[in-house]
Number of protein chains: 2
Amino acid sequence: MVVFAGQGDPRRSMALLWRTEGGRGTDAKRGPGPRPALSVDVVVDAGIAVADAEGMAALSMRAVGERLGRTAMALYTYVPGKGELVDLMYDQVLAELPADYDLTAGWRAALTSWAEDTWAFSLRHPWVLQVSQARPVLGPNEYRAMEALLRVLYATELSPAVLRRVVGTLTHFVRGAVQTVAESRLAAASTGVSDEEWWPARSGVLAEVAPDFAERFPLLVGLETEGAAPVTDDAVPYLEREARTTFEVGLGVVLDGIEAAVARAR
Amino acid sequence: MVVFAGQGDPRRSMALLWRTEGGRGTDAKRGPGPRPALSVDVVVDAGIAVADAEGMAALSMRAVGERLGRTAMALYTYVPGKGELVDLMYDQVLAELPADYDLTAGWRAALTSWAEDTWAFSLRHPWVLQVSQARPVLGPNEYRAMEALLRVLYATELSPAVLRRVVGTLTHFVRGAVQTVAESRLAAASTGVSDEEWWPARSGVLAEVAPDFAERFPLLVGLETEGAAPVTDDAVPYLEREARTTFEVGLGVVLDGIEAAVARAR
DNA sequence: TGCAGTCTCCTTACGCCATAAAGTAATGTT
DNA sequence: AACATTACTTTATGGCGTAAGGAGACTGCA
């Protein structure tokens, strides 16, 4: 369930995202009417809490309202709609990402830190992976995070034209890798069936239903038995271990590719 | 809206996916009861038609039923539920992908073809990008496509351990890159606002709401003006052009990284 | 002090969604 | 001819986002 950005009045959305009047926790001067018991920030935080705990699929206006002891409709006082709420939640959590990376150990080490931070961040708030990238949210923290990545990449001294694409390459890869883990956890949580239980059940049936499997897909069968990730921690499920190794090895591959581009440009 | 796989009886799901009794179009021997006017294949094709035309968000049991002149509930005769229907749709379209790649020009050229085919395929059926990868569908065509990719990758003579990860690296990257285009089209179609209209509207507001933008994000602003993709075809929207260039350049970067791994292994 | 205007928050309602349950009618087998 | 089985329908349940309208709280002005 990719969730799309709020499509209402751009002026209203952007004013909320970049809301500066004192920032979080300040209440602007009041006019007539009852004093608001909530605030945009409180609503956004409640949304984040719901999404963190129950996932994006469980994020409903009713659920957020309930967490605040209010009805769903009460939220519309603070936020134009669900799309905009998600935008605000997204930009809010993005504040957790570093605004700067240490470049003294070189760009490669810095990029590794960036990828590692992004990985950890995405697992802390897995629902961010379901926010569509097509129409970016354009909030301050998204820009802040992008600026941090760019600062690292400028150290490669690659041309702007290449640099632009490297940004995409890195984010696509990291996003895809961490998404595997996030979705796997989501599936386990929402079905109550762990990967460890799910996989043997399916592959057992597979053997029944496709007895000629080994002849049809020899390379696949060969690969399945070889090259699995070593078991370093039994508490980490199989699929997550595999995904983590793919992340580490794959990141190395991508960084090697960037290095090749750097060498070629020199 | 990531859509998760059907979570019902694995035996039933797998039997449907690998259904062999005559394959498409054969009707099994009949018992008592009215003769079925539809079939699993017809339902799956209708689902694909709906998803291709209107997107995953518009894929409802009602919509598919309506296309077949039936109620939503009628579909449950053929398919256990929506999740399983999506699984079947997914594996069905995957049959469009080649089962083999020409390796005479080397693995690099073959991988480029693979990436290109995956790109085109994903834009033909953008909704496949919203099928969760966490609990794979495990249908015959998914395995067929994977086997084709593996055949190419075996030509690199990398160790199985590395090869496993390279599969993930490539798929993550291609998926991420094409997803940008798919979501951008989806956003344009569902809101009626093209990227060309959307972006200036937003960035205009951005300038109002964040007058200190250029000081806060100097690298970002710098990059925005430099290194844009050259305009080769005016009919292709800006964001798609950018995404396509990212795909091409990024693929080169990843392939360079694989080449580095190959060289190191030698 | 009183009242008008404004604002928060509620209830109700609409039209979607997946799917459970139960009913109707058609068909093959005995 | 009776019965079991099946395709398909109608109806209902409990979710969703949010439009519309109303109740009561509060400020600012007369």
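The chains referred to below are lettered A, B, ... by the order of the sequence lines, with proteins before strands, and numbering in each begins at 1.
Atom pair B/Y76:OH and D/dT6:C1' shows a separation of 19 Å (rounding to whole Å applied). Rounded to whole Å, atom P of C/dA18 lies 13 Å from atom CD of B/E84. Atom CE in A/M61 sits roughly 21 Å away from atom P in C/dA13 (whole-Å rounding). The interatomic distance linking B/K82 (NZ) with D/dG15 (P) rounds to 18 Å, in whole Å.
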N/O donor-acceptor pairs under 3.5 Å from side chains in residues 136-143 of chain A, not counting sequence neighbours:
residue: A/N141; atom: ND2; partner: A/D91; partner atom: O; Å: 2.9
residue: A/N141; atom: ND2; partner: A/D91; partner atom: OD2; Å: 3.3
residue: A/E142; atom: OE1; partner: A/V137; partner atom: N; Å: 3.4
residue: A/E142; atom: OE1; partner: A/L138; partner atom: N; Å: 2.9

Just distance, no hydrogens or angles: give the donor-acceptor pairs under 3.5 Å from side chains in residues 117-126 of chain A, sequence neighbours left out.
residue: A/D117; atom: OD2; partner: A/Y101; partner atom: OH; Å: 2.8
residue: A/T118; atom: OG1; partner: A/W114; partner atom: O; Å: 2.8
residue: A/S122; atom: OG; partner: A/T118; partner atom: O; Å: 2.7
residue: A/R124; atom: NE; partner: A/E96; partner atom: OE1; Å: 3.0
residue: A/R124; atom: NH2; partner: A/E96; partner atom: OE1; Å: 2.9
residue: A/H125; atom: ND1; partner: A/D52; partner atom: OD1; Å: 2.7
residue: A/H125; atom: ND1; partner: A/D52; partner atom: OD2; Å: 3.1
residue: A/H125; atom: NE2; partner: A/E96; partner atom: OE1; Å: 3.1
residue: A/H125; atom: NE2; partner: A/E96; partner atom: OE2; Å: 2.7

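Put simply, the side chain of A/R62 and the base of D/dG17 share a donor and an acceptor less than 3.5 Å apart.
Atom OG1 of A/T71 and atom CD of A/E66 lie 10.5 Å apart (nearest 0.5 Å).
Of the charged side-chain nitrogens involved, at least one lies within less than 4.0 Å of a carboxylate oxygen, so that B/E208 and A/R11 count as a salt-bridged pair.
Side chain of B/E196 to main chain of B/P237: no donor-acceptor pair is present (N/O by atom type, distance under 3.5 Å, no hydrogens or angles). Checking side-chain atoms of B/R244 against main-chain N and O of B/R241 turns up no donor-acceptor pair under 3.5 Å.
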**Prompt:** For nucleotides 4-9 of chain C, read 5' to 3', which letter fits each nucleotide if B means a protein heavy atom sits under 4.0 Å from the base, S means only the sugar-phosphate is that close, and - means neither?
**Reply:** -BBBSB
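Residue-level contact check: A/L59 touches the backbone only, with heavy atoms under 4.0 Å from sugar-phosphate atoms and none from bases.
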